[in-house]
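The next block holds one structure in the form of structure tokens; read it before the comments.
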Amino acid sequence: MAEDEKPVPAGMTAEDISKEFKEHSVAEFFKKNMQMLGLTGKIKALTTIVHEYMSNSLDACEEAHILPDIEVQINEIGNEQYEVIVKDNGPGLTEETVGKAFGKLLAGTKFHRMIQMRGQQGIGSSGCTMLSQMTTGKPTQVITGTSKGPPISVEVTIDPKNNAPKVDNLVILKKEFKGTAVKAKFKGVKFVNSESSPLEYLRRTAIANPHAKITFIDPAGTKTVFDRTSKQIPARPTEIQPHPRGVSVDDVMTLSKTTKSKKIASFLREEFDRVGDKAIEEITKHVSFDLNKDPHQLQWDEAEEIVAQFKKIEFLAPRTDGLRPIGEERVQKSLKSIVEPEFLEVATRKPQVYAGGFPFQIEVALAYGGNAGRMSTDKDEEGQSVRKIEIMRFANNVPLLFDTGGCAITKAVQSVDWKRYGMRDIENAPLTIFVNLISVHVPYTSAGKQALSDEEAIMEELRLSLMEVGRKMFRYIGFRKREEEKQKKRKLFYKYATEVAIGLAELTGKKKEEIEAKLHDIVLRHLKLEEAQEAKQQQKGSELSEEEVEKEYQKRVQKEEKEKAKKKKKLTVQEE
Ligand SMILES: Nc1ncnc2c1ncn2[C@@H]1O[C@H](COP(=O)(O)OP(=O)(O)OP(=O)(O)O)[C@@H](O)[C@H]1O
Ligand SMILES: [Mg+2]
């Protein structure tokens, strides 16, 4: 039978669709889409697991105002099978919440708050519980102790159908313990010591969290301790309210249902940032309903009217005082201790606001030389391994190791013309670029939280911050180049001084050593004079403006072109 003569199977009827129609929970959805949580890929999954537990521990310690002391251990228990243990000294979890914290997706203490925290979605630790039970069939063990009562141990699993936690084997422990320790097994993951390994993740975590002590024991039993370089507990970030400029009608409706305010006027004043008496007066004048009305009775049309007024009124810019940068001094100390660079420049920019009315702030650092940059397999002329550029991306002090290309930070680094700042070949420079974006709501590109979206205001501020430290580095690179030239000159002078001394000794009959010593004196005096002149120039101002950088850059380009032309001319003459 010809293909087009075959009977066409009957199509689905509405009744068939009705029979097929099923509901599924958020847990079932993520179970099918673990890649969305960054929990796929053998190496990536293991680092993401460490990242989820680690950020929760740091968040918990920060909220409880405790200096974090966190231990991470990874044990190999079979082929591509590992056990991950993360233990913190945080506030712990109560018996009632421990199940929900580790066994219910989209549940937690952070999603509904506009606050600078590492977690924001409520799927990190529960995602790990899910992966563990999906790959090993085993529960996740959580031991937790609070300031009240003895610590407990429980085993948590998720019932995916209902996205509900199942808590078993509750044991009350005799040993004293305050904090949370989680132990989970995973199959189909792999520990490799690479640039995206848990060790690198923890090294970067230590850099951005100088107040934390982090201990890591890898599968080979090797212990690495990142000790804290600051004993000061960072001030707790404070929660901010949504700015009227960034809210939607739906946001207003949602907030109106849960407010404690009795009147719409006080609801607007209390639940939104920067809404004062003047704004209320304006809104009262232009809306069709009474602002003394109960906000719980607010209708969609009325909320639309409010949002329309929000768009017209000139509000003060959103509050930014809830943000807590790491701080220049701490970033300096931490990078010095972990990266040990020759040159280091750190800058903390002023807070800004991106679309939606979310405040954010950029911290940036450039570290050059020493252990800055990443080791590559390329070798230099002397056979030494060459260090290449390393971009350390962070959001709310959490390292971002994956999805590099899609991240606003990478794009901003690539968009800067580094040649202007003396870096001719940025890819092959021993350079670490550190960028931390802090915000009450980090605009991640996906639930895996590995890359920042390139919001216009964020891109602009990233570029400006990189250029700011770039300008400072420009002076250092210039200084380094002059130093190298000086060393070359000195070597050359000394070489000739010896030869000249031999000649002069023969001509004058005087001792060669005496002449040589005098010539060395002359060379030293000459070099010192040059140094004094340079010092004077350095004092002119510690930082060049963008225009001065441009001028210097153009001068350099012209000089290089002249030299090139000269060389070319020389070669043509030789060829002739
Ligand atoms: N080590 C811990 N100590 C105290 N509380 C914790 C700890 N780990 C998790 N929690 C609690 O469990 C909640 C759920 O954690 P989970 O990682 O799933 O989500 P999140 O941290 O809120 O957001 P994200 O999905 O972005 O990580 C947290 O909000 C926190 O309240
Ligand atoms: Mg989390």
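In each ligand, atom 1 is the first atom listed, and ligand 1 is the first ligand listed. Position 1 is the first residue of the sequence; numbering continues from there.
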Next on the checklist: ring pair (Phe, Tyr, Trp, His ring centres under 6.0 Å) for Phe216 and Phe226? Distances and angles first, verdict last.
Outcome noted: CA-CA 8 Å; Phe216 177 50; Phe226 298 99; 8.4 Å; no
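- The pair Lys260-Glu270 fails the salt-bridge criterion, with no side-chain N (NZ, NE, NH1 or NH2) lying under 4.0 Å from an Asp/Glu carboxylate O.
- Residue Ser55: no N/O/S atom is found under 2.8 Å from the Mg ion (ligand 2).
- For the pairing with Lys185, the salt bridge (charged side-chain N to carboxylate O under 4.0 Å, His left out) check across Glu76, Glu83, Glu155 returns one residue only, Glu83.
- In this structure, ligand 1 sits under 4.0 Å from heavy atoms belonging to Glu52, Asn56, Ser57, Ala60, Asp88, Leu93, Ala101, Ala107, Gly108, Thr109, Lys110, Gly119, Gln120, Gln121, Gly122, Ile123, Gly124, Ser125, Ser126, Thr180, Lys449.
- At distances below 3.5 Å, not a single donor-acceptor pair connects side-chain atoms of Asp159 with backbone N or O atoms of Asn163.
- With 3.5 Å as the limit, one finds a donor-acceptor pair spanning the side chains of Glu363 and Asn436.
- Side chain of Gln297 to main chain of Asp294: no donor-acceptor pair is present (N/O by atom type, distance under 3.5 Å, no hydrogens or angles).
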